[in-house]
Amino acid sequence: MSQLSIRPILLRLGAALALTLLAWGLTTRCQLGLEKKVPVTEVKPRSGQMFTAFLPKRFAAMTSGAVFYRLDSASLLEDDKPLAHPASSNASIEKAGEGQYRITPIRVLFSSSDGTSPDRNGRDYTIVVPLLVAPAWLLALVWTASLAAWVVVVRDLECARRVRAFLLPGSAARDRGTLMESLCDLLLPYPFFVGVLLALVLCTIVGRRAAMTDVYHDRDRFFLKISPEGSVYPTLENLEAFVRGKASPDHILVLVAGSSIPLGVGQANAHLWTNLLQQELGSDYCVVNLSFRAALAPSILLPLADALRREYSRAIFVSDMTPYKAPGFLSFEKGTYSYPYDYVLWQAWVNGALATNPARDAALIDSLRSSDIAVRMHSQEQVIHAVLEKIFASSNLWNEIGYRHFFTVYTPLDPDKAFYAPRSTITDDQPPMPESEGAIVRDWPHEYASLQKLFLNRVRPNANGSFSPLVPDNEFSASVQKLAPDPAMRARILLLVTSRSPAYIARLDSREKEQFEFAVADSARAYRQAGFASIPLGLDYPVEDFSDPSHFSDAAAPRMAKDVSAEIRRMAQGEGWTHEKP
Amino acid sequence: MIFATYWFLAFAAVFFSLFWLVRNATVRLGLLLAASAAFQIHYAGAAGVLPIALLAVLVYFVGLTSNKAANTLGIVVCVGVLATYKYSIFLISSLVGGVHPELGARLTDMARHTLPETPPLAVSFFVFEFVHYLVDRRRGTPAIRNPFHFTAFAIFFPTLVAGPIKRYEQFIPSVQRAIARVSPRDVMAGVIQLCFGFLKKLAADNLTLWIESTQSGYSSLPLEGRWIFVTAVAFRILLDFSGYSDIAIGLARMMGVAIPPNFNWPYLATNIRDFWHRWHISLSSWIRDYVYIPLGGNRHGNFRRFLNGLVAFSLCGLWHGPAWNFVLWGLYHGIGLSISNAYRQIPLGIGAGVGRALDRLPLLGWCITLLFVWFGWLLFFYPATQAWQMVKLLFVF
């Protein structure tokens, strides 16, 4: 291209900038559509001073992406005046009122500012969600739009071509491939690969240091958003460090590593049952909650039990189990008990941290050689990952970076948080709302099918008019003992057979209710017969103690702690670690 | 994604280290073939390797002859393999089941029990490459006599799984140059393109998570949210697909093998024809050379041109998967391309007027093309009725 004149380009860019400033001034001055208002209608009393109203579906959709409208920026107005206390707890709203409120994606729970009833005081309640776009982004967007508008209105494609030619001299003659070659001129291969190797060494050093750090030290549990479902995969070293950060070898370690039930889904962090368990047991014990949703004993508990056995000579391991369940070591279907946690087991296996267990080793080797290509590839991937992790500690490095500094994976689980925010900024889950009667009715067919599968179909009526387990005791014992061949280890594993909410059990007929209660109580006996410790949990708990069909609520936490602590004390005394009365 | 697995990381580290250190061309070629075979066996398994192995042997020997009947048979067998593995259940359930539901259900069941659960890895890609080779042989291009070169063409691991679809006349000389000497510039160009590809995949995977979490509430989104959603869908597929191509091309380039680009800024296209010169170039050129032109192309008048375009694009859509929405998507683009080619001929000066307007305002053509393509992605990813609803909601407050 021949000599370029800068003046026309500057004139055009200047015009675009002027348009931008004008548009910016108008939008910021006039606040044109920069916030969304959602009227609160159909207010109903809930309890005490707390009132509730369901919000339209579009509100949840609007705040479900962290793009422009964020839930944590929403505020409630009473007659166009903002109420003072957002994000209050239910108890606080209920008891204190004073305009306290909490907005969730589907409903708002609130109280009026002066103690009057919002459904009768004639005031307008509105939720306002401001548009939150960083000014720099908005400015860039408006500038680009202005420039595009200039180009379209005056048909000035020449402007675009001149800008490109000005910024990249000679670019008209180049294609994209040549541009790539220019980059290659800047990066010489030998220094580049030396740099890559140096960076690899440095990252390995930092990663190995991270492997010895208790990255999640400020957490009581691995709730959903810092678990594999939230794209966070704590390594075996992370989990070990988590235990070491809380428990010294002098403690009697109580390692709770089960599914969402011992995780405390349904319980706020302040009412977490394992924290209360710690209070019940006292300072000789140290309770560590390493449960994960949908995890069971073989995936997290048993590898950790093996890995920590030498360090913690006095340890009791707690998990939950459904009646008469002898889970396999590996399962490759999504939604089953070891997926996606089997990587912990593989890491322990590769690291040589596991105690001898022929059945487990055979299962692992079989999966590596499986004729099912998906199973084989998955297992081989896990082994290679574990080997690379042992050498380079890359997952440990990433877990530290992702927890403390920044993340790069969008998580639908926390849409009101920008996805690049480090996981340390994410607060522990709020407990789910207690179920309404409508939900129980709506979900009954699904829950009944679950009750049949997990409880009722595992026992059958016998000649005495009672019930018997479907699988005979000796067969069941032989099967479940494969999880821990060492009887001494089995004696230190406490399996909780958890019940279901009475709201659902009440819908069974009387015979089915007997069947259900038998399944829960008798399976605990069957586990004990196999050498484990086991108690049923929740069989006689009231409705309020459940937050959903299977998970315990805040109200159940003290009772859970009491029931489990009694058994743990008995186990500790049986081992000769204490001499107290349980 | 196969390239983002630990197995592939270990495989690539070992392979490239050896490939660059070895100086002998024959050893390099052997290394490439062994690595490609190991790649195929690991990801496809024995059941997946067998079809490509058998087909490759057949195509190689057929390609050596000048016998047109054998050549035709080879093409028929290749297409038959693709149709059997990938489309038989779809065709039976749709065509037979549509006429005779019971018979269709019985045949579908039989097919499910007979065929593997998933088609052999990359069956669409290697069948297209074999058909291209045989058709070009029919047209008189030289055969690949060296069986090792042919094997490299058949199972070249960077492009095996998801393309680009190679042309042997360009690929074989490139491999010969690469095994003779690997230039540091090629290595760096490959590394850079690989990095770009992975960055694109990272962005695409995040978009996928966002799209999956948002799509069920699409109708409840505000208007701007729905447009953002459609934009995200459009960029997701571009970044995902072009990212994968970048990785494949980058890996090849790291060995010194040049694979032509597969994407060329497709969302800058100012008309549909331009779009198809920029999007999945290897597939669109294959469809043009081996379906559209053999059907007659534009040599037999407007109506035949229109029909040939529809057939070509329907097959293009069907190639993406055995489902009617892919066929509809192909037809959608076929109709769009036909309109784009013929609108200037609309009488009463309308066509000429529209043409003049678009010539004076290329941005208008760009906007129309972009919207056409982006709405088409809704048809690609969602059932037709749902896609139509989604498009309607883009214009409703």
Side-chain angles (χ1 to χ4, degrees), chain A residues 33 36 56-62 64-69 105 131 148 151-153 155-157 160 175-177 180-181 183-190 192-193 196 231 370-374 376-378 380-389 394 408-413 415 419-420, chain B residues 2 5-11 20 42-48 116-118 121 182-193 196 202-203 205-210 212-214 216-222 224-226 228-229 232 253-254 258 260-261 264-265 360-364 367:
Chain A
K36 293 283 185 197
K57 267 192 195 169
R58 66 184 171 88
F59 182 80
M62 182 173 76
S64 65
V67 181
F68 296 122
Y69 299 101
L131 172 69
V151 168
V152 168
V153 166
R155 282 169 268 167
D156 200 353
L157 278 181
D175 61 18
R176 185 164 163 259
M180 193 73 84
E181 304 298 338
L183 281 171
C184 298
D185 286 333
L186 291 174
L187 293 168
L188 300 172
Y190 300 115
F192 175 81
F193 283 110
V196 166
S231 305
S370 174
S371 56
D372 184 328
I373 188 172
R376 188 173 71 243
M377 274 178 53
H378 173 85
Q380 289 176 2
E381 269 295 288
Q382 297 297 349
V383 167
I384 296 171
H385 177 207
V387 169
L388 291 175
E389 184 59 28
S394 55
T408 61
V409 180
Y410 174 78
T411 172
L413 304 173
F419 71 93
Y420 49 80
Chain B
I2 276 177
T5 58
Y6 289 106
W7 188 94
F8 185 77
L9 177 68
F11 163 86
W20 292 329
H42 178 77
Y43 286 109
E117 215 175 300
T118 50
L121 185 69
V182 181
S183 99
R185 178 181 280 275
D186 278 338
V187 171
M188 283 322 300
V191 166
I192 291 166
Q193 190 146 14
F196 274 126
L202 177 65
D205 289 349
N206 274 297
L207 282 173
T208 300
L209 289 171
W210 184 80
E212 282 174 359
S213 71
T214 312
S216 57
Y218 175 83
S219 55
S220 311
L221 289 173
E224 65 268 22
R226 291 176 223 147
I228 288 170
F229 181 87
R253 192 82 185 265
M254 284 164 70
N264 183 18
W265 302 90
R360 290 181 76 190
L361 282 173
L363 267 178
L364 184 58
C367 276

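Just so you know, these numbers come straight off a predicted model, no measurement behind them. Numbers restart at 1 for each chain; the letters A, B, ... are given by sequence-line order, proteins then strands.
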field: Gap separating the CG atom of B/L121 from the CD1 atom of A/I373, nearest 0.5 angstrom
entry: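 If we round to the nearest 0.5 Å, B/L121:CG and A/I373:CD1 are 7.5 Å apart.
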field: By side-chain contact (heavy atoms from CB on, under 4.5 Å) - contacts of B/P260 (at least two apart)
entry: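 Only B/Q170 meet the side-chain contact (heavy atoms from CB on, under 4.5 Å) criterion with B/P260.
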message: Can you classify the ring geometry of A/H385 versus B/Y6 as parallel (below 30°), tilted (30 to 60°) or perpendicular (above 60°)?
response: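 Answer is parallel, since the angle falls under 30°.
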field: Side chain / backbone / both / neither for B/Y218 at chain A, heavy atoms under 4.5 Å
entry: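 For B/Y218, neither part sits under 4.5 Å from chain A.
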Chain A contact via B/L9 - side chain, backbone, both or neither, heavy atoms under 4.5 Å: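 It is the side chain, since no backbone atom gets that close.
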query: Would you call A/F192 and B/V187 a side-chain contact if the rule is heavy atoms closer than 4.5 Å?
result: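 No, every pair of side-chain atoms sits at 4.5 Å or beyond.
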[X] and [Y]: which non-hydrogen atoms are nearest, and at how many Å?
X: A/M377; Y: B/H42; value: SD-O, 3.7 Å
X: B/L209; Y: A/V409; value: CD1-CG1, 3.6 Å
X: B/V191; Y: A/F193; value: CG2-CZ, 3.8 Å

- prompt: Counting only N and O atoms by type, is there a donor-acceptor contact under 3.5 Å from the side chain of A/E381 to the main-chain atoms of B/W7?
  reply: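 At least one qualifying donor-acceptor pair exists.
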